[in-house]
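Only a predicted model underlies this, so the values are computations on that prediction, with no experimental measurement involved.
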Amino acid sequence: MPVTASLYERFRGVGRELLDLLSRYDSLSVSGAEWIPVEGSSPVSVAGADSSRQFEVYRGFILYAVQGYAMLVSREGFAGSVEDASVGYIEVSEVSRVGVKVARDSLISSTAKTLEVSLLHRVGGGGGVDLLLFDGSYESFLGPILVFKGELRRASLRLAERIQGLWEHRLKMLNELYGRVRLAFISKSSGKLNLVKHGGVRVKLGSSEYQVPDFIVVRRVISNVKPLKPGFLWYENPYMELRRECDEVKRVAPNLSCWYTLTYILLHPAGKIYQLTTPGRLSREEVAELVKQLKHISPDGYPYPLSATHHSSKLTRSDFRSLVALITPELETGREQLEQTL
């Protein structure tokens, strides 16, 4: 079916509103934050990991698959890789009270993150690696634990215990790695309000203060930097705390820090801004050194060990369906007739 005239007009109306909002963002003033350029790079031995996932909701259960890949890049170049996978299912009947989507997303996400940590533990746990790179934020790898302590636990104890088991295994491995090797978490998302809510950054339009997402703050700061060079954002309080989850984290992983340093980095003049979080309270000089190390392995503006593992771990929809057919060709989603007529 082609795009209707009604939908087209609705999009035009929303588009005008968005342009007006973006123009207001461009008029904001920011205080309490500055851009720190970083010259040069530092060669290090780095490992990165990523994973890919697919799932399908069949009649009676959800079948899912996750495959992960990790690679090590030494000071001389590519130095090896490892891969692993996880396949499982969720019975729809056991998650009816909490909802299929919540249960599915919670379990599959936890499975993927635990697989990535496991791969990096295999690559870097034995020493000889200076830096381990994770795709996502430090906070996302440590939690949230409340998902299996509240409603999900009451709705499906078995599923909640599966998620908790994955979470504890992940934290125990991170606990072993922390202190042996630097852990750095690179996130593409910056929609939270960390800088204005917890970082001491102030945003104003005229005499009125505004609370805006981090990416708006960063965009306003770098708009005044000419020419923009690779570097990082430094501000009044770059140290964030795992508030409600800290006691639970310490119970499982006593070595892990409940404090982490949060900043935003640019690794190439033509690259994009990414969020960087790393456990502990790093000084400005320590962040600058870490950015130098990341620049060395980011010729295109994004760390090569993460981009390479992203592509190597890719699991396509077609691949997943081919694998399902190996189990049985008779699994039904209930949508087969619609798919045949589209």
Query raised in the report: When clusters are formed by joining ILVMFWY residues with side-chain heavy atoms under 4.5 Å apart, either directly or through shared neighbours, do F215 and Y264 land in the same one?
Result: yes
Query raised in the report: Going from NZ on K188 to CG on L306, what distance comes out if it is rounded to the nearest 0.5 angstrom?
Result: 7.0 Å
Requested in this report: Evaluate the side-chain proximity of Y235 to V30: yes if any heavy-atom separation is below 4.5 Å, no if none is.
Outcome: no
Query raised in the report: Hey, is the main chain of S313 close enough, under 3.5 Å, to the side chain of Q67 for a donor-acceptor pair?
Result: yes
Query raised in the report: Should E56 and R317 count as an ion pair when the cut-off is N to O under 4.0 Å?
Result: yes
Report task. Identify the two heavy atoms, one from L228 and one from W35, that lie closest to each other, and give their separation to 0.1 Å. Result -> CD1-NE1, 3.7 Å
Query raised in the report: Is L193 linked to V201 within one hydrophobic cluster, defined over Ile, Leu, Val, Met, Phe, Trp and Tyr using a side-chain heavy-atom separation of less than 4.5 Å?
Result: yes
**Report entry** Sub-4.5 Å side-chain heavy-atom contact between F232 and L276
**Finding:** no
Report task. From the options S81, S312, S52, select the one residue that forms a side-chain hydrogen bond (donor to acceptor under 3.5 Å, both in side chains) with Y69. Result -> S81
Query - Nearest non-hydrogen partners of N194 and D214, listed with the distance - result: N-OD1, 3.0 Å
Query raised in the report: Backbone N or O of P254 within a donor-acceptor pair of the K250 side chain at under 3.5 Å?
Result: yes
Query raised in the report: Is any side-chain heavy atom of F141 closer than 4.5 Å to a side-chain heavy atom of R170?
Result: yes
Query - Approximate separation, where rounding is to 0.5 Å, of I273 CD1 and L266 CG - result: 4.5 Å
**Report entry** Which atom of V87 lies closest to which atom of A65, heavy atoms considered
**Finding:** CG2-CB, 4.1 Å
Requested in this report: Find out whether F55 and I90 are in side-chain contact, i.e. whether some heavy atom of one side chain is under 4.5 Å from a heavy atom of the other.
Outcome: no
Query raised in the report: In terms of side-chain geometry, is the basic nitrogen of E289 or R182 positioned less than 4.0 Å from the acidic oxygen of its partner?
Result: no
Report task. Measure the spacing between NZ of K272 and CG of L267 and express it to the nearest 0.5 Å. Result -> 13.5 Å
Report summary line: Value for CZ (R281) from CH2 (W259), rounded to nearest 0.5 Å, stands at 4.5 Å
Query raised in the report: When you measure from the side chain of R162 to the backbone N and O of L107, does any donor-acceptor pair fall under 3.5 Å?
Result: no
Requested in this report: Evaluate the side-chain proximity of L133 to I297: yes if any heavy-atom separation is below 4.5 Å, no if none is.
Outcome: yes
Report task. Show your working on side-chain contact (heavy atoms from CB on, under 4.5 Å) between V129 and L120 and close with a plain yes or no. Result -> CA-CA 10 Å; V129 180; L120 286 176; over 6 Å; no
Query raised in the report: Is a side-chain donor or acceptor of D50 paired with a backbone partner of T309 at a separation under 3.5 angstrom?
Result: no
Report task. Dump the intermediate steps for side-chain contact (heavy atoms from CB on, under 4.5 Å) on V221 and E34, then the final yes or no. Result -> CA-CA 7 Å; V221 171; E34 61 177 320; 5.7 Å; no
Query - Minimum-distance pair of heavy atoms, taken over all atoms of L166 and S110 - result: CB-OG, 3.6 Å
Query raised in the report: Got a donor-acceptor contact below 3.5 angstrom from the S74 side chain to the S45 backbone?
Result: no
Query raised in the report: Charged N to carboxylate O under 4.0 angstrom, E248 versus R251?
Result: yes
Query - Nearest atoms (heavy-atom pairs only) where V73 meets P305 - result: CG2-CG, 4.1 Å
Query - Any donor-acceptor N/O pair, D84 side chain to G68 backbone, under 3.5 Å - result: no
Report summary line: dist L174:CG -> S257:OG (nearest 0.5 Å) comes out at 12.5 Å
Query - Note, V249 side chain near L171 side chain (heavy atom, < 4.5 Å) - result: yes
Query - R24 and D20 ion-paired at < 4.0 Å - result: yes
Query raised in the report: In terms of heavy-atom contacts, does CZ of F78 have more than 12 from other residues, nucleotides or ligands at under 6.0 Å?
Result: yes
Requested in this report: Examine the side chains of R220 and S223 and answer whether a donor and an acceptor come within less than 3.5 Å of each other.
Outcome: yes
Report task. Please check if atom OH in Y304 has more than 12 non-hydrogen atoms from other residues, nucleotides or ligands closer than 6.0 Å. Result -> no
**Report entry** Donor-acceptor under 3.5 Å (S51 side chain, E116 main chain)
**Finding:** no
Query raised in the report: Going through the checks in order, is the side-chain contact (heavy atoms from CB on, under 4.5 Å) test met by E91 and L159?
Result: CA-CA 9 Å; E91 294 181 48; L159 181 62; over 6 Å; no
**Report entry** E168 atom CD: more than 12 heavy-atom contacts under 6.0 Å
**Finding:** yes
**Report entry** Worked check of side-chain contact (heavy atoms from CB on, under 4.5 Å) between S307 and H310
**Finding:** CA-CA 5 Å; S307 62; H310 171 80; 5.5 Å; no
Query raised in the report: Is the centre of the F11 ring less than 6.0 Å from the centre of the Y8 ring?
Result: no
Query raised in the report: Can you tell me how far the OG atom of S187 sits from the OH atom of Y274, to the nearest 0.5 Å?
Result: 10.5 Å
Query raised in the report: Should V66 and I163 be counted in the same cluster of Ile, Leu, Val, Met, Phe, Trp and Tyr side chains packed under 4.5 Å apart?
Result: yes
Requested in this report: Using atom types as modelled and distance alone, determine if a side-chain donor or acceptor of S42 lies under 3.5 Å from a backbone N or O of K292.
Outcome: no
Query raised in the report: Any idea how F134 and F185 line up, ring-wise: parallel (<30°), tilted (30 to 60°), or perpendicular (>60°)?
Result: parallel
Query raised in the report: Do I186 and L262 belong together in a cluster built from hydrophobic side chains that touch within less than 4.5 Å?
Result: no
Report summary line: Closest non-hydrogen atoms of E286 and L282, given as atom of the first, atom of the second and distance, are OE1-CA, 3.2 Å
Report task. Could you check if a side-chain atom of L195 sits within less than 4.5 angstrom of a side-chain atom of V203, using non-hydrogen atoms only? Result -> no
Query raised in the report: Do V196 and L21 belong together in a cluster built from hydrophobic side chains that touch within less than 4.5 Å?
Result: yes
Query raised in the report: Side chain of W234, backbone of A33: donor and acceptor closer than 3.5 Å?
Result: no
Query raised in the report: Hey, does H268 have a side-chain heavy atom less than 4.5 Å from the side chain of D300?
Result: no
Requested in this report: Verify, without hydrogens or angle tests, whether K295 (side chain) and V38 (backbone) share a donor-acceptor contact under 3.5 angstrom.
Outcome: yes
Query - Charged N-O contact under 4.0 Å between R75 and D130 - result: yes
